[in-house]
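In this chain, numbering begins with 1 at the start of the sequence shown.
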Amino acid sequence: MSKRYKIGLAVLLAVAGIVAAGVYMHGHSVPVLRPSGSIGQKEQQLMLFALALSLIVVIPVFILLFTFAWKYREGNKKAAYRPNFGGSRLAEIIWWAVPGALILILSIVTWQSSHALDPYKPLASSKKPLTIQVVSLNWKWLFIYPEQHIASVNFLQIPEQTPVTFNITSDTVMNSFWIPSLGGQIYAMPGMSTQLHLQANGAGTYAGSSANISGAGFSGMTFTTKSTSQHDFDTWVQQVSHAPQKLDQSAYTALAKPSKNNAIVYYSAPATDLYDTIVLKYMTPQTNQGSNNPAPNTQTMPAMNSMEMQ
């Protein structure tokens, strides 16, 4: 096979790969690219802006790559032969000034967005925020609604167009709470409580997961988030409040034991200050008595979401 055909084949394969990726993206929903929450939309805009800036450099580089490969191929006798060419001041200015300007722009945008998308920053809304306490366990998620006096395992229901304040901790190893359609992930760590503010723009069902490998049952550590109208949310709260299982201390002790691929479970009447008890039992050695996952003293640390990790 001649070199010309090899180059043509390589270009054809590259185009086929791009087309296949486009077809796959069109037929499959990628949550971070089709966000359903106000925070997720802002993060999507930031990612697309950063991508556009990168393409200003990437596209010309690949164009020049194939141009030089084709123009100066062995079989092209018309290409100018300049063995004494030592450099170009104009070219050097371009390949230093353009990326430098892009990095400066990206730095300013990153600084502004890091403050605007601070996970501890409450969302502006005329509606009262809903508070949900999240506890990471092996290998399941416990959601406590302190004001509604209910709790659920691996299922989260929220009203649409309402800010939700998540207080997040772990009663096991470090984990990461993530609803890709609504916003970035944030870590859940024993002995500390992190915060995350999200809001669903409309009704829908969204997948949630653990974004941090945490052992043998990690792959099954998923949950469902359902956004509904306020009326449907209130109806669901009333139904769960009559659940026969009550989340007292003995029920929580049994729940905290490691288990895989857990089904959805509802609880009524969670123990008072259960969330605070989970956090505080890691703060001093004597409060670790009876813990399923003893841990050393843990100091409060700043939380990091997915945008800050990038």
Side-chain angles (χ1 to χ4, degrees), residues 31-32 35-47 49 108-136 141-152 155-170 175-189 191-204 206 208-209 211 223 225-234 236-237 270 272-276 278-280 299-310:
V32 294
S36 301
S38 56
I39 296 297
Q41 289 177 344
K42 293 178 181 178
E43 293 176 344
Q44 180 202 39
Q45 293 170 1
L46 180 60
M47 288 188 293
F49 180 78
I108 295 173
V109 172
T110 301
W111 174 270
Q112 294 175 340
S113 61
S114 294
H115 290 279
L117 296 175
D118 181 357
Y120 279 75
K121 184 179 180 180
L123 303 179
S125 176
S126 59
K127 293 184 178 180
K128 179 184 177 182
L130 171 67
T131 299
I132 300 177
Q133 297 167 337
V134 183
V135 182
S136 168
W141 293 96
L142 171 64
F143 302 103
I144 303 172
Y145 295 73
E147 297 176 355
Q148 288 73 28
H149 306 291
I150 61 173
S152 61
F155 183 82
L156 178 65
Q157 185 153 333
I158 58 177
E160 61 180 338
Q161 300 292 339
T162 300
V164 181
T165 299
F166 292 99
N167 296 317
I168 306 169
T169 191
S170 175
N175 220 301
S176 184
F177 175 77
W178 191 26
I179 308 174
S181 294
L182 300 184
Q185 61 87 20
I186 193 167
Y187 287 110
M189 289 177 265
M192 67 174 291
S193 180
T194 55
Q195 275 193 6
L196 181 64
H197 294 84
L198 298 176
Q199 177 178 303
N201 291 339
Y206 316 112
S209 66
F223 62 92
T225 302
K226 187 175 182 180
S227 172
T228 63
S229 66
Q230 184 66 50
H231 177 268
D232 290 345
F233 174 76
D234 294 336
W236 176 77
V237 169
T272 304
D273 297 330
L274 175 60
Y275 180 83
D276 293 335
I278 295 170
V279 174
L280 291 174
Q299 301 296 326
T300 301
M301 300 170 58
M304 294 181 291
N305 66 1
S306 60
M307 302 308 299
E308 294 170 329
M309 290 295 289
Q310 294 173 356

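- Within the 4.5 Å cutoff, the side chain of P129 has no heavy atoms near those of the L123 side chain.
- Counting all heavy atoms, side chain and backbone alike, Y275 lies closest to Q133 at CB-OE1, 3.2 Å.
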Would you check, one step at a time, whether the test side chain to side chain contact (heavy atoms under 4.5 Å, CB included) holds for L156 with F166?
CA-CA 11 Å; L156 178 65; F166 292 99; 3.7 Å; yes
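- Across all non-hydrogen atoms, the minimal contact from W178 to G184 is CD1-C, 3.8 Å.
- Ring geometry for F233 against W236 counts as tilted: the plane angle lies between 30° and 60°, on a 0 to 90° scale.
- Among all heavy-atom pairs drawn from P119 and H197, the shortest one is O-ND1, 2.9 Å.
- Distance check, rounded to the nearest 0.5 Å: CD of Q44 to CE of M47 gives 6.5 Å.
- Here the side chains of T169 and M189 are not in contact, with every heavy-atom distance at 4.5 Å or above.
- Between W141 and F177, the ring-plane angle classifies as perpendicular under the 30° and 60° cut-offs.
- Side chain of S227 to backbone of G202: a donor-acceptor contact under 3.5 angstrom is found.
- With a 4.5 Å cut-off on side-chain heavy atoms, S152 and Y145 count as touching.
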Can you check side chain to side chain contact (heavy atoms under 4.5 Å, CB included) on T194 and L196, steps first, answer last?
CA-CA 7 Å; T194 55; L196 181 64; over 6 Å; no
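- Here the CD1 atom belonging to I186 is positioned 12.0 Å from the CD1 atom belonging to I179, to the nearest 0.5 angstrom.
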Y187 and S170: side chain to side chain contact (heavy atoms under 4.5 Å, CB included), yes or no, with the steps?
CA-CA 9 Å; Y187 287 110; S170 175; over 6 Å; no
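- When the side chain to side chain donor-acceptor pair (under 3.5 Å) test is applied to Q157, the partners found at least two apart in sequence or on another chain are T228.
- Atom CZ of F143 and atom CD1 of I158 lie 10.5 Å apart (nearest 0.5 Å).
- If you take CG on L46 and OG on S114, they are separated by 8.0 Å, rounding to the nearest 0.5 Å.
- Of all the heavy atoms in N167 and S193, the pair that sits closest is CB-OG, 4.0 Å.
- Closest of all the heavy-atom pairs between K128 and T162 is O-CG2, 3.6 Å.
- In this structure, OG1 in T165 is found 8.0 Å from CG in L130, a value given to the nearest 0.5 Å.
- Residue L182 comes nearest to L198 through the heavy atom pair O-CD2, 3.6 Å, listed as atom of the first residue, atom of the second, then distance.
- Every residue two or more places apart in sequence or in another chain that forms a side-chain contact (heavy atoms from CB on, under 4.5 Å) with H115 is listed here: W111.
- A distance of 10.5 Å separates OG of S136 from CD1 of I278, quoted to the nearest 0.5 Å.
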Using side chain to side chain contact (heavy atoms under 4.5 Å, CB included), reason through Q41 and N201 one step at a time and then give a plain yes or no.
CA-CA 10 Å; Q41 289 177 344; N201 291 339; 3.2 Å; yes
